[in-house]
Amino acid sequence: MDVFDLAKMITNTSEEMKKGTGVICEASFSHEGLYCAIDILKRNDDGWEIYEVKSSSWHEDKKIKQVYLADIAYQKHVLTLCGVNVTSANLVLLNGDYVRGTELEIDKLFHITNVDDLILEESACIKHYLEVADEVLSKDTEPDIDLDIRCKDPYECGYWNYCTEKLPKPMVFELYDHSKSRGMKKYHEGLVCFDDFKNCLDKLT
C-alpha cells in the first residue's frame, strides 16, 4: 500500500507556486491540522482557480451531488486560511451528453461547472462542522452511536470495519451489499446475520 508523504507534497506545492507554475495537480495545503489536496490548481492573473475532478458523469438535467459541493467548499476554506486567493471554484465531470464523432473532442468530453454560488451554503456550515469534529476528537471515549445509513452513504466510513468487527458473520450487510438502505433497515429490525433469516425467509425482501 502506498503511503503519501503529505509534508513533502505540501512543500512541493509551495515551491511550485513560488516558481510561477501555471497548473499544479494534487496541490496540497495544510493549516492548523486541516489538510486538503486540490485535483487541479490553475493560476490566473488575480489568483488561483480550483478544479475538483470526479469520475461520475454530468447530464444537463442531473443535479450536482451535495457531497461534491461540500468537498469543494472545504478545499476553498483551507486555501483561504493558507492565504491563497481563490478566484473560482469548479467541478469537472465527464460529459454524459457528449457523443463522439469521427474524432475525439477533448473540450467536449468533460463538463466544467463553476460552483462559486452553489458552495455558499456549505461554506457557511464549515466552521460548525469543524467545531463538532474537534469536540469528538478531544474525547477520551468513543461516540456511542449505532450503525446507520450515514456509515455507508455517500461514502463508506473509514471506521466501518472497526465498528462491525464484533458483529456475527456473515453480516446482513454482505447480503445487502448492493442495497445500503435495505441492509441497514434489516439491521435495525434485528436481522444482523444470516442465521437471523433462517426461520423468516419472508423477511428477505
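The structure presented is a predicted model; accordingly, all values stated were derived computationally and were not measured. Just the heavy atoms: all of them, side chains too, but no hydrogens, waters or symmetry mates, feed the values below.
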Taken to the nearest 0.5 Å, the spacing of Lys186 NZ from Ser181 OG works out to 11.0 Å
Check: Can you find a side-chain donor-acceptor pair between Ser57 and His59 that sits under 3.5 Å?
Finding: no
Here the pair of heavy atoms bringing Ser55 nearest to Leu94 is O-CD1, 4.3 Å
Contacts satisfying salt bridge (charged side-chain N to carboxylate O under 4.0 Å, His left out) that involve residues 98-113 (not counting sequence neighbours) are Glu105-Lys108
If hydrophobic clusters are built from ILVMFWY residues whose side chains come within less than 4.5 Å, do Leu93 and Ile112 share one? no
Checklist entry - Met171, Leu147: one ILVMFWY side-chain cluster at the under-4.5 Å cut-off? => result yes
_Closer than 3.5 angstrom, by distance alone: can the side chain of Asn114 be matched with the main-chain N or O of Asn90 as a donor-acceptor pair?_
no
- Crowded around Glu142 CD? As in, over 12 foreign heavy atoms under 6.0 Å? no
One should read off an interatomic distance between Asp116 CG and Ile50 CD1, to the nearest 0.5 angstrom, of 8.5 Å
| query | Salt bridge between Lys185 and Glu189, side-chain N to carboxylate O under 4.0 Å? | reply | yes
Q) Would you say Asp148's side chain and Arg150's backbone share a donor-acceptor pair under 3.5 angstrom? A) no
Rounded to the nearest 0.5 Å, the CZ atom of Phe110 sits from the OH atom of Tyr98 at a distance of 10.5 Å
**OP:** Could you check whether the rings of Tyr187 and Phe173 sit parallel, tilted or perpendicular, using 30° and 60° as the cut-offs?
**Re:** tilted
- Message: Are more than 12 heavy atoms, taken from residues, nucleotides or ligands other than Glu165, located less than 6.0 Å from that residue's CD atom?
- Response: yes
_Just by distance, no angles: are the side chains of Thr87 and Asn44 close enough, under 3.5 Å, to form a donor-acceptor pair?_
yes
Looking only at heavy atoms, the pair that brings Tyr51 and Val92 closest together is CD2-CG2, 3.9 Å
Item checked: Test side chain to side chain contact (heavy atoms under 4.5 Å, CB included) applied to Lys152 and Trp160, step by step -> CA-CA 8 Å; Lys152 284 282 192 176; Trp160 175 257; 3.5 Å; yes
Under a 4.5 Å cut-off applied to non-hydrogen side-chain atoms, are Tyr129 and His77 in contact?
-> no
Taking every heavy atom of Phe29 against every heavy atom of Val84, the minimum-distance pair comes out as CE2-CG2, 3.8 Å
What I'd like to find out is whether the side chain of Arg43 reaches to under 4.5 Å of the side chain of Thr21, using heavy atoms alone.
no
For Leu91, is there any backbone N or O sitting under 3.5 Å from a side-chain donor or acceptor partner on His111? no
Q. Between Ser138 (side chain) and Glu135 (backbone), is there a donor-acceptor pair under 3.5 Å?
A. yes
Ile119 meets the side-chain contact (heavy atoms from CB on, under 4.5 Å) criterion, sequence neighbours left out, with Leu69, Ile72, Ala73, Lys76, Ala89, Val115, Ser123
Tell me whether Tyr162 at atom OH has more than 12 heavy atoms from other residues, nucleotides or ligands lying less than 6.0 Å away. no
Take Thr113 and Ile64 through the side chain to side chain contact (heavy atoms under 4.5 Å, CB included) test and state the conclusion after the steps.
CA-CA 9 Å; Thr113 304; Ile64 294 176; 3.9 Å; yes
* Glu16 side chain to Thr13 main-chain N or O, any donor-acceptor pair under 3.5 Å? -> no
Here the pair of heavy atoms bringing Ala37 nearest to Gln75 is O-NE2, 3.9 Å
Please test Lys127 against Leu130 for side chain to side chain contact (heavy atoms under 4.5 Å, CB included), starting from the C-alpha separation and ending with a verdict.
CA-CA 5 Å; Lys127 184 178 179 181; Leu130 293 176; 5.9 Å; no
Return yes when atom NZ of Lys42 has more than 12 non-hydrogen atoms of other residues, nucleotides or ligands closer than 6.0 Å, and no otherwise.
no
Is Ser28 close to Phe4 at the side-chain level, that is, under 4.5 Å between some pair of heavy atoms?
no
Heavy atoms of Lys169 and Thr164 approach each other most closely as NZ-O, 3.1 Å
May I ask whether Val78 and Leu120 are part of the same hydrophobic cluster, defined by side-chain heavy atoms of I, L, V, M, F, W, Y residues being less than 4.5 angstrom apart, directly or through others?
no
*Kindly work out whether a path of hydrophobic side-chain contacts (I/L/V/M/F/W/Y, heavy atoms less than 4.5 Å apart) joins Leu118 to Tyr68.*
yes
Looking only at heavy atoms, the pair that brings His31 and Cys82 closest together is CB-SG, 3.9 Å
Asp153 and Met184: CA distance, side-chain angles, deciding distance, side chain to side chain contact (heavy atoms under 4.5 Å, CB included) verdict:
CA-CA 11 Å; Asp153 188 32; Met184 202 62 68; over 6 Å; no
SG of Cys25 to CD1 of Ile38, rounded to nearest 0.5 Å, is 11.5 Å
With a 4.0 Å cut-off, would you call Lys18 and Glu15 a salt bridge?
no
When rounded to the nearest 0.5 Å, the distance separating CG of Leu81 from SG of Cys36 is 9.5 Å
Fill in: Main-chain N/O of Asp46 paired to Asn85 side chain as donor or acceptor, under 3.5 Å
yes
Interatomic distance, NZ@Lys19 vs CG@Asn12, rounded to 0.5 Å, equals 9.0 Å
